[in-house]
There are 2 protein chains.
Amino acid sequence: MLSKKTKYGIKALTYIAKVSDKNPVQIAVISKEENISHKFLESILLTLKKAGILGAKKGKGGGYYLLRSASDVMMSEVIRQLEGPIAMVPCVSLNFYEKCDDCPDEDKCTVHKLMLEVRDSTLGVLKNKSLAQLVSETN
Amino acid sequence: MLSKKTKYGIKALTYIAKVSDKNPVQIAVISKEENISHKFLESILLTLKKAGILGAKKGKGGGYYLLRSASDVMMSEVIRQLEGPIAMVPCVSLNFYEKCDDCPDEDKCTVHKLMLEVRDSTLGVLKNKSLAQLVSETN
DNA sequence: TATAAACCCTATCGGAATAATAGGGAAACA
DNA sequence: TGTTTCCCTATTATTCCGATAGGGTTTATA
């Protein structure tokens with residue numbers, strides 16, 4: 001299940017990508033337009049800033065803006081930053097690998113094998129989908 | 001993230017499919033061989049029984065057995081029974097659809113659009129993968 | 001330089017879901 | 001008749017999520 005954090009994060013990025021002619025967008029505006037709790041959204045945008053996806057400008061007239069072109073922001077990166085691993089099981093995660101407690105041999109584990117295929121399939125979608133594409137497709 | 005319930009369920013099915021020459025397999029055996037809590041496994045197998053995937057035989061020499069051929073047990077069905085929806089967001093779920101509270105128009109929602117593609121991709125894997133295939137691939 | 005707008009950071013909390021445990025009941029076979 | 005094994009319900013411990021609270025810091029601008 002996708003967390004609301006990730007869901008809101010993608011919505012916010014979408015909003016910024018649509019509106020922004022490089023002008024910062026304020027939390028309050030996104031919060032209102034997308035029906036997201038102000039404070040919660042604040043923490044999400046902060047995460048995206050630390051991840052190097054968004055930049056922020058303080059003070060009056062400030063807000064958040066895309067640090068790169070929307071076509072350089074891939075969904076795989078966004079989801080990894082907000083949600084964590086894309087894999088459904090740590091033992092098949094590329095960026096968050098962890099061995100299972102049970103399961104003496106991964107190569108003989110059917111769950112491992114199955115989830116590996118699911119991960120590859122999912123990654124195939126997310127890795128090739130940029131924010132720019134997503135926005136233009138959905139308009 | 002895949003729950004342990006689902007993970008254990010798939011492992012148990014695998015075990016039964018491998019071992020069974022139509023003889024019932026006891027919870028205690030699977031529990032020991034696959035390092036799964038006995039009582040927890042019990043509830044999982046019960047779920048699979050109610051789902052029409054496993055049959056059970058009581059009394060001495062009893063246990064659980066596959067109700068159909070392993071090639072007729074698709075992973076999509078197993079996961080839906082144990083985990084619930086395959087989609088990462090209720091608004092793109094085929095079997096567990098639910099509208100989002102926020103989001104006035106699904107067609108214009110980038111999250112909806114993205115998760116639709118992920119679901120289709122995942123389903124493509126799970127729908128075409130039978131228990132029999134999985135077992136033979138992993139041996 | 002004062003002020004207000006806006007981002008930045010930490011802590012906390014309630015509720016839901018998960019993983020596991022406990023204890024007994026009912027059926028089937030020897 | 002007694003043992004094995006599945007069947008069912010309830011409870012608990014833990015973790016995570018979503019949200020809230022409250023204040024701090026920076027910056028533009030009047």
>> Return a single string for nucleotides 12-28 of chain C, one symbol per nucleotide in 5' to 3' order, where B is base contact, S is sugar-phosphate-only contact and - is none, cutoff 4.0 angstrom on heavy atoms.
In response: -------SSBBBB--SB
> Just checking A:Leu45: base, sugar-phosphate only, or nothing, at a heavy-atom cut-off of under 4.0 Å?
Replying inline: nothing
> Do B:Ser93 and B:Glu98 get their side chains close enough for a donor-acceptor pair, meaning under 3.5 Å?
Replying inline: no
> Which pairs, with at least one residue in residues 66-80 of chain A and sequence neighbours excluded, count as a side-chain hydrogen bond (donor to acceptor under 3.5 Å, both in side chains)?
Replying inline: A:Arg68-A:Glu77, A:Ser69-A:Ser71
>> Do B:Thr6 and A:Met88 make a side-chain contact, defined as non-hydrogen atoms from C-beta onward lying under 4.5 Å apart?
In response: no
> Which pairs count as side-chain hydrogen bond (donor to acceptor under 3.5 Å, both in side chains) when at least one residue sits in residues 104-122 of chain A, sequence neighbours excluded?
Replying inline: A:Tyr97-A:Glu106, A:Thr110-B:Thr14, A:Glu117-B:Lys129, A:Ser121-B:Ser121
>> Per the salt bridge (Lys or Arg N to Asp or Glu O under 4.0 Å) rule, what does the pair list look like for residues 28-38 of chain A, sequence neighbours excluded?
In response: none
>> Using whole Å, what does the distance between atom C1' of nucleotide C:dT10 and atom CG of A:Leu46 come to?
In response: 11 Å
> Can you tell me how far C1' of C:dA6 sits from NZ of A:Lys49, to the nearest Å?
Replying inline: 13 Å
>> Contact between A:Val78 and A:Leu126 at the side-chain level, heavy atoms closer than 4.5 Å - yes or no?
In response: no
>> Distance under 4.0 Å to a non-hydrogen atom of chain B counts as contact; along DNA chain D, which nucleotides mark the start and end?
In response: D:dT4 to D:dC8
>> I'd like to know whether A:Tyr8 forms a side-chain contact (heavy atoms from CB on, under 4.5 Å) with B:Asp102, so could you lay out the CA-CA distance, the side-chain angles of the two residues, the decisive distance to 0.1 Å, and finally the verdict.
In response: CA-CA 10 Å; A:Tyr8 292 162; B:Asp102 51 320; 4.1 Å; yes
>> Rounded to whole Å, how long is the line connecting atom OH of A:Tyr65 with atom C1' of C:dA6?
In response: 14 Å
> For A:Lys39, which residues count as a salt bridge (Lys or Arg N to Asp or Glu O under 4.0 Å) partner, sequence neighbours excluded?
Replying inline: A:Glu42
